[in-house]
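What follows is a single structure, written as C-alpha coordinates, with notes after it.
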Amino acid sequence: MVQLIDSDIRTREVLDWRGLHILHAGMSSCSQKLRIFLNLKGIEWQGHEMNLAASETYGDWFLGINPRALVPVLIWDGAVHIESNDILTLLDGAFPEPRLIPSEQAAEIAAMLQQEDELHLDMRTLSFRFVMARTKSNKTPEMLARYDDGTGTVNGASDHENRAHQIEFYQRLAAEGITDEAVRASARKFRTAFDDLEQRLSATPYLLGQTITVMDIAWYVYATRLQFAGYPLDRLHPHVRAWWGKLNDDERFSREVQPPQAILETIARNHAEWAQTGNALTDITGF
Ligand SMILES: N[C@@H](CCC(=O)N[C@@H](CS)C(=O)NCC(=O)O)C(=O)O
(Lines give C-alpha, C1' and ligand atoms only; values in the text may rest on other atoms or scores of the structure.)
Protein backbone atom coordinates (compact mmCIF):
# COMPACT_ATOMS: atom_id res chain seq x y z
CA MET A 1 0.00 0.00 0.00
CA VAL A 2 1.62 3.28 -1.00
CA GLN A 3 0.63 6.04 1.37
CA LEU A 4 3.18 8.85 1.50
CA ILE A 5 4.70 9.73 4.84
CA ASP A 6 4.75 13.32 6.05
CA SER A 7 8.29 14.09 4.89
CA ASP A 8 7.47 12.86 1.33
CA ILE A 9 4.78 15.51 0.94
CA ARG A 10 6.39 18.78 -0.15
CA THR A 11 3.22 20.46 -1.39
CA ARG A 12 1.98 21.04 2.14
CA GLU A 13 -1.35 22.67 1.30
CA VAL A 14 -2.92 19.27 0.57
CA LEU A 15 -2.53 18.26 4.21
CA ASP A 16 -5.51 20.52 4.88
CA TRP A 17 -7.75 19.06 2.20
CA ARG A 18 -10.78 17.40 3.78
CA GLY A 19 -12.94 14.72 2.17
CA LEU A 20 -11.95 12.69 -0.87
CA HIS A 21 -9.94 14.46 -3.56
CA ILE A 22 -8.76 12.76 -6.74
CA LEU A 23 -6.01 14.16 -8.95
CA HIS A 24 -6.65 12.58 -12.32
CA ALA A 25 -6.77 13.05 -16.09
CA GLY A 26 -9.58 12.43 -18.56
CA MET A 27 -7.68 10.12 -20.91
CA SER A 28 -5.46 8.44 -18.30
CA SER A 29 -6.39 4.76 -18.20
CA CYS A 30 -5.60 4.41 -14.49
CA SER A 31 -7.75 7.45 -13.75
CA GLN A 32 -10.56 5.99 -15.86
CA LYS A 33 -10.37 2.77 -13.86
CA LEU A 34 -10.63 4.67 -10.58
CA ARG A 35 -13.50 6.90 -11.77
CA ILE A 36 -15.56 3.89 -12.89
CA PHE A 37 -14.89 2.24 -9.53
CA LEU A 38 -16.09 5.38 -7.71
CA ASN A 39 -19.20 5.49 -9.92
CA LEU A 40 -20.11 1.88 -9.11
CA LYS A 41 -19.61 2.51 -5.40
CA GLY A 42 -21.49 5.82 -5.48
CA ILE A 43 -18.66 7.55 -3.61
CA GLU A 44 -18.66 11.36 -3.59
CA TRP A 45 -15.34 12.93 -4.57
CA GLN A 46 -13.82 16.17 -5.66
CA GLY A 47 -11.73 16.14 -8.84
CA HIS A 48 -8.57 18.04 -9.75
CA GLU A 49 -7.87 17.46 -13.42
CA MET A 50 -4.23 17.46 -14.54
CA ASN A 51 -3.18 18.21 -18.11
CA LEU A 52 -0.86 15.36 -19.13
CA ALA A 53 -0.19 16.70 -22.64
CA ALA A 54 1.19 19.83 -20.96
CA SER A 55 3.22 17.64 -18.53
CA GLU A 56 1.51 19.20 -15.54
CA THR A 57 2.45 16.23 -13.36
CA TYR A 58 6.13 17.10 -13.95
CA GLY A 59 5.73 20.52 -12.34
CA ASP A 60 6.89 21.26 -8.77
CA TRP A 61 3.39 21.46 -7.32
CA PHE A 62 2.42 17.97 -8.46
CA LEU A 63 5.85 16.42 -7.79
CA GLY A 64 5.46 17.63 -4.22
CA ILE A 65 2.38 15.40 -4.00
CA ASN A 66 3.50 12.43 -6.07
CA PRO A 67 7.23 12.26 -6.84
CA ARG A 68 6.42 9.57 -9.44
CA ALA A 69 4.62 12.27 -11.49
CA LEU A 70 1.70 9.94 -12.14
CA VAL A 71 -2.05 10.18 -11.80
CA PRO A 72 -4.27 9.16 -10.17
CA VAL A 73 -3.60 10.32 -6.64
CA LEU A 74 -6.08 10.14 -3.78
CA ILE A 75 -5.91 12.75 -1.04
CA TRP A 76 -8.25 11.76 1.72
CA ASP A 77 -8.46 14.02 4.75
CA GLY A 78 -4.88 15.13 4.08
CA ALA A 79 -3.46 11.61 3.61
CA VAL A 80 -1.81 11.11 0.22
CA HIS A 81 -2.22 7.76 -1.54
CA ILE A 82 -0.58 6.93 -4.85
CA GLU A 83 -0.76 3.86 -7.15
CA SER A 84 -4.22 3.27 -8.58
CA ASN A 85 -4.48 -0.36 -7.53
CA ASP A 86 -3.60 0.44 -3.93
CA ILE A 87 -6.20 3.20 -3.98
CA LEU A 88 -8.86 0.78 -5.21
CA THR A 89 -7.97 -1.73 -2.52
CA LEU A 90 -8.05 0.90 0.19
CA LEU A 91 -11.42 2.27 -0.91
CA ASP A 92 -12.97 -1.16 -1.31
CA GLY A 93 -12.21 -1.80 2.34
CA ALA A 94 -13.55 1.56 3.44
CA PHE A 95 -16.69 1.55 1.25
CA PRO A 96 -17.65 -2.13 1.13
CA GLU A 97 -20.90 -1.79 -0.86
CA PRO A 98 -20.92 -3.17 -3.50
CA ARG A 99 -17.89 -5.32 -2.75
CA LEU A 100 -15.58 -5.23 -5.79
CA ILE A 101 -12.66 -7.11 -4.23
CA PRO A 102 -14.34 -10.07 -2.49
CA SER A 103 -12.13 -11.36 0.32
CA GLU A 104 -12.16 -14.93 -0.97
CA GLN A 105 -10.74 -13.67 -4.29
CA ALA A 106 -8.39 -11.05 -2.86
CA ALA A 107 -5.17 -12.97 -3.57
CA GLU A 108 -6.14 -13.75 -7.16
CA ILE A 109 -7.21 -10.15 -7.71
CA ALA A 110 -3.94 -8.79 -6.26
CA ALA A 111 -1.98 -10.95 -8.71
CA MET A 112 -4.19 -9.91 -11.65
CA LEU A 113 -3.94 -6.23 -10.71
CA GLN A 114 -0.19 -6.50 -10.61
CA GLN A 115 -0.17 -8.07 -14.07
CA GLU A 116 -2.42 -5.24 -15.28
CA ASP A 117 -0.07 -2.65 -13.78
CA GLU A 118 2.94 -4.28 -15.44
CA LEU A 119 1.25 -3.81 -18.82
CA HIS A 120 0.88 -0.12 -18.27
CA LEU A 121 3.81 1.04 -20.39
CA ASP A 122 2.74 -1.35 -23.16
CA MET A 123 -0.66 0.28 -23.08
CA ARG A 124 1.01 3.68 -23.29
CA THR A 125 3.08 2.50 -26.26
CA LEU A 126 -0.01 1.44 -28.25
CA SER A 127 -2.08 4.35 -27.05
CA PHE A 128 0.49 7.02 -27.93
CA ARG A 129 1.03 5.60 -31.39
CA PHE A 130 -2.50 4.64 -32.46
CA VAL A 131 -4.82 6.78 -30.31
CA MET A 132 -3.05 10.04 -29.49
CA ALA A 133 -0.68 9.77 -32.50
CA ARG A 134 1.98 11.11 -30.17
CA THR A 135 5.31 9.84 -31.46
CA LYS A 136 7.46 12.60 -29.99
CA SER A 137 8.25 13.08 -26.33
CA ASN A 138 6.58 15.99 -24.58
CA LYS A 139 9.21 15.83 -21.81
CA THR A 140 12.36 17.90 -22.28
CA PRO A 141 15.69 16.52 -20.96
CA GLU A 142 15.57 19.29 -18.30
CA MET A 143 12.13 18.15 -17.18
CA LEU A 144 13.31 14.55 -16.85
CA ALA A 145 16.46 15.62 -14.99
CA ARG A 146 14.44 17.65 -12.49
CA TYR A 147 12.02 14.75 -12.09
CA ASP A 148 14.92 12.48 -11.19
CA ASP A 149 16.88 14.93 -9.06
CA GLY A 150 16.47 12.78 -5.98
CA THR A 151 14.49 15.24 -3.86
CA GLY A 152 11.22 13.38 -4.23
CA THR A 153 10.85 10.49 -1.81
CA VAL A 154 8.30 7.72 -1.33
CA ASN A 155 8.24 6.36 2.20
CA GLY A 156 11.42 8.31 2.86
CA ALA A 157 13.40 6.58 0.11
CA SER A 158 14.64 8.08 -3.16
CA ASP A 159 12.35 5.89 -5.32
CA HIS A 160 14.74 6.20 -8.25
CA GLU A 161 13.88 2.76 -9.59
CA ASN A 162 10.22 3.63 -10.11
CA ARG A 163 11.09 6.89 -11.84
CA ALA A 164 13.69 5.15 -14.02
CA HIS A 165 10.99 3.29 -15.99
CA GLN A 166 9.23 6.53 -16.85
CA ILE A 167 12.50 8.25 -17.76
CA GLU A 168 13.53 5.36 -19.98
CA PHE A 169 10.15 5.42 -21.73
CA TYR A 170 10.36 9.13 -22.53
CA GLN A 171 14.05 9.02 -23.50
CA ARG A 172 13.36 6.19 -25.92
CA LEU A 173 10.32 8.06 -27.28
CA ALA A 174 12.51 11.11 -27.91
CA ALA A 175 15.23 9.05 -29.56
CA GLU A 176 13.24 6.73 -31.79
CA GLY A 177 9.52 7.46 -31.52
CA ILE A 178 7.37 4.36 -31.18
CA THR A 179 8.83 1.74 -33.48
CA ASP A 180 6.99 -1.09 -35.23
CA GLU A 181 9.03 -3.48 -33.16
CA ALA A 182 7.84 -1.87 -29.92
CA VAL A 183 4.26 -2.06 -31.22
CA ARG A 184 4.59 -5.76 -31.96
CA ALA A 185 6.12 -6.54 -28.57
CA SER A 186 3.41 -4.66 -26.67
CA ALA A 187 0.53 -5.96 -28.77
CA ARG A 188 1.71 -9.56 -28.33
CA LYS A 189 1.49 -9.20 -24.56
CA PHE A 190 -2.08 -7.99 -24.79
CA ARG A 191 -3.02 -10.76 -27.17
CA THR A 192 -1.75 -13.33 -24.64
CA ALA A 193 -3.60 -11.62 -21.80
CA PHE A 194 -6.83 -11.44 -23.81
CA ASP A 195 -6.53 -15.13 -24.69
CA ASP A 196 -6.69 -15.81 -20.97
CA LEU A 197 -9.70 -13.50 -20.55
CA GLU A 198 -11.39 -15.18 -23.51
CA GLN A 199 -11.17 -18.53 -21.73
CA ARG A 200 -12.54 -17.11 -18.52
CA LEU A 201 -15.42 -15.39 -20.27
CA SER A 202 -16.40 -18.47 -22.25
CA ALA A 203 -17.30 -20.01 -18.87
CA THR A 204 -18.62 -17.10 -16.75
CA PRO A 205 -20.32 -13.73 -17.38
CA TYR A 206 -17.63 -11.74 -15.55
CA LEU A 207 -13.89 -12.28 -15.33
CA LEU A 208 -13.97 -13.83 -11.89
CA GLY A 209 -17.36 -15.50 -11.95
CA GLN A 210 -20.98 -14.50 -11.57
CA THR A 211 -20.48 -11.01 -10.20
CA ILE A 212 -18.60 -7.95 -11.26
CA THR A 213 -15.23 -7.25 -9.62
CA VAL A 214 -12.52 -4.65 -9.94
CA MET A 215 -10.91 -6.84 -12.63
CA ASP A 216 -13.86 -6.22 -14.96
CA ILE A 217 -13.30 -2.50 -14.53
CA ALA A 218 -9.55 -2.71 -15.12
CA TRP A 219 -9.81 -4.81 -18.27
CA TYR A 220 -12.82 -2.88 -19.60
CA VAL A 221 -10.57 0.20 -19.63
CA TYR A 222 -7.76 -1.59 -21.48
CA ALA A 223 -10.18 -3.24 -23.92
CA THR A 224 -11.73 0.13 -24.72
CA ARG A 225 -8.40 1.83 -25.33
CA LEU A 226 -7.12 -0.99 -27.49
CA GLN A 227 -10.21 -0.89 -29.68
CA PHE A 228 -9.65 2.82 -30.18
CA ALA A 229 -6.12 1.81 -31.21
CA GLY A 230 -7.56 -0.54 -33.85
CA TYR A 231 -6.99 -3.84 -32.01
CA PRO A 232 -9.41 -6.41 -33.54
CA LEU A 233 -11.04 -7.53 -30.29
CA ASP A 234 -14.21 -8.78 -32.02
CA ARG A 235 -12.28 -11.01 -34.42
CA LEU A 236 -9.67 -12.38 -31.99
CA HIS A 237 -11.59 -12.58 -28.73
CA PRO A 238 -15.37 -12.68 -29.34
CA HIS A 239 -16.35 -13.47 -25.75
CA VAL A 240 -14.25 -10.56 -24.52
CA ARG A 241 -15.91 -8.30 -27.08
CA ALA A 242 -19.41 -9.40 -25.97
CA TRP A 243 -18.52 -8.85 -22.28
CA TRP A 244 -17.05 -5.44 -23.12
CA GLY A 245 -20.23 -4.48 -25.02
CA LYS A 246 -22.39 -5.36 -22.00
CA LEU A 247 -20.29 -3.21 -19.67
CA ASN A 248 -20.15 -0.43 -22.23
CA ASP A 249 -23.97 -0.21 -22.18
CA ASP A 250 -23.68 0.99 -18.60
CA GLU A 251 -22.94 4.67 -18.72
CA ARG A 252 -21.14 4.55 -15.35
CA PHE A 253 -18.50 2.78 -17.45
CA SER A 254 -18.78 4.34 -20.88
CA ARG A 255 -18.88 8.00 -19.89
CA GLU A 256 -15.46 7.70 -18.24
CA VAL A 257 -13.62 6.36 -21.28
CA GLN A 258 -15.10 8.53 -24.02
CA PRO A 259 -12.36 10.64 -25.64
CA PRO A 260 -13.12 14.30 -26.34
CA GLN A 261 -14.59 15.03 -29.79
CA ALA A 262 -11.31 16.48 -31.11
CA ILE A 263 -9.45 13.27 -30.27
CA LEU A 264 -12.23 11.14 -31.80
CA GLU A 265 -11.90 13.11 -35.03
CA THR A 266 -8.12 12.74 -35.02
CA ILE A 267 -8.44 9.00 -34.41
CA ALA A 268 -10.88 8.61 -37.34
CA ARG A 269 -8.67 10.66 -39.68
CA ASN A 270 -5.49 8.82 -38.71
CA HIS A 271 -7.03 5.38 -38.93
CA ALA A 272 -8.34 6.09 -42.43
CA GLU A 273 -4.86 7.18 -43.50
CA TRP A 274 -3.10 4.25 -41.83
CA ALA A 275 -5.49 1.78 -43.46
CA GLN A 276 -4.43 3.21 -46.85
CA THR A 277 -0.72 3.24 -46.14
CA GLY A 278 -0.51 -0.13 -44.36
CA ASN A 279 0.31 1.44 -41.00
CA ALA A 280 -2.66 0.28 -38.95
CA LEU A 281 -2.06 -1.78 -35.82
CA THR A 282 -3.27 -4.92 -37.62
CA ASP A 283 -0.85 -4.29 -40.52
CA ILE A 284 2.10 -3.92 -38.18
CA THR A 285 1.26 -6.84 -35.89
CA GLY A 286 -0.14 -9.13 -38.58
CA PHE A 287 -3.12 -9.84 -36.27
N1 LIG B 1 1.32 2.44 -11.55
C2 LIG B 1 0.64 3.69 -11.69
C3 LIG B 1 0.61 4.07 -13.14
C4 LIG B 1 -0.02 5.45 -13.32
C5 LIG B 1 0.33 6.06 -14.66
O6 LIG B 1 1.18 5.56 -15.43
N7 LIG B 1 -0.33 7.19 -14.96
C8 LIG B 1 -0.13 7.88 -16.22
C9 LIG B 1 -1.47 8.09 -16.90
S10 LIG B 1 -2.35 6.62 -17.20
C11 LIG B 1 0.45 9.26 -16.00
O12 LIG B 1 0.13 9.91 -15.02
N13 LIG B 1 1.30 9.74 -16.90
C14 LIG B 1 1.85 11.05 -16.84
C15 LIG B 1 2.80 11.29 -17.97
O16 LIG B 1 3.35 10.29 -18.47
O17 LIG B 1 3.00 12.45 -18.33
C18 LIG B 1 -0.78 3.57 -11.14
O19 LIG B 1 -1.37 2.50 -11.28
O20 LIG B 1 -1.29 4.53 -10.54
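Order of appearance sets the numbers: ligands from 1, and atoms from 1 within every ligand.
Under a 4.0 Å heavy-atom criterion, Ser29 is in contact with ligand 1. No heavy atom of Phe169 sits closer than 4.0 Å to any atom of ligand 1. Using a non-hydrogen distance threshold of 4.0 Å, Arg68 does not register as a contact of ligand 1. Heavy-atom separations between Arg124 and ligand 1 include at least one value shorter than 4.0 Å. At least one heavy atom of Ala69 sits closer than 4.0 Å to an atom of ligand 1.
Side-chain contact annotation: Asn248 with Ser254, donor-acceptor N/O pair under 3.5 Å absent.
Heavy-atom contacts of Asp117 reach the following atoms of ligand 1: 1 (N), 2 (C), 19 (O) (cutoff under 4.0 Å). Contact atoms of ligand 1 toward Cys30: 3 (C), 4 (C), 10 (S), 18 (C), 19 (O) (distance under 4.0 Å to a heavy atom of the residue). Taking every non-hydrogen atom of Tyr170 and a distance limit under 4.0 Å, the qualifying atoms of ligand 1 come out as 15 (C), 16 (O), 17 (O). Of all the atoms in ligand 1, the ones that sit under 4.0 Å from a non-hydrogen atom of Lys139 are 15 (C), 17 (O). Residue-ligand proximity, Tyr58 to ligand 1, at heavy-atom distances under 4.0 Å covers atoms 17 (O).
Between Trp274 and Phe130, the ring planes lie perpendicular to each other; the angle is over 60°, past the 30° to 60° tilted range. Ring pair Phe194/Phe190 is tilted by interplanar angle, where 30° to 60° counts as tilted.
Taking Glu251 as the reference, Arg255 meet the side chain to side chain donor-acceptor pair (under 3.5 Å) condition, with sequence neighbours excluded.
Criterion: ILVMFWY side-chain heavy atoms under 4.5 Å apart, direct or through other members. Under it, Leu52 and Phe128 are not part of a common hydrophobic cluster.
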Taking distance alone, no hydrogens or angles, what donor-acceptor pairs closer than 3.5 Å link side-chain atoms of residues 227-234 to residues at least two apart or in another chain?
{"from": "Gln227", "atom 1": "OE1", "to": "Arg241", "atom 2": "NE", "distance (Å)": "3.3"}
{"from": "Gln227", "atom 1": "NE2", "to": "Ala223", "atom 2": "O", "distance (Å)": "3.2"}
{"from": "Tyr231", "atom 1": "OH", "to": "His237", "atom 2": "NE2", "distance (Å)": "2.7"}

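Taking the ring axis of Phe169 as reference, the NZ or CZ atom of Lys139 does not stay both within 45° of it and closer than 6.0 Å to the ring centre.
Using a 4.5 Å cut-off on side-chain heavy atoms (C-beta onward), Asn39 and Asp250 make no contact. Looking at Val257 and Arg225, their side chains never come closer than 4.5 Å, going by heavy atoms from C-beta outward.
What sits closest to atom 6 (O) of ligand 1 on the protein, heavy atoms only, is His120 NE2, 3.0 Å. For atom 11 (C) of ligand 1, the closest non-hydrogen atom on the protein side is Leu70 CD2, 3.5 Å. Given atom 2 (C) of ligand 1, the protein heavy atom at minimum distance is Glu83 OE1, 3.3 Å. Scanning all protein heavy atoms for the shortest distance to atom 12 (O) of ligand 1 gives Val71 N, 2.8 Å. Here the heavy atom of the protein found nearest to atom 20 (O) of ligand 1 is Ser84 N, 2.8 Å.
When all heavy atoms are compared, the tightest approach of Arg10 to Gly152 is NH2-CA, 3.6 Å.
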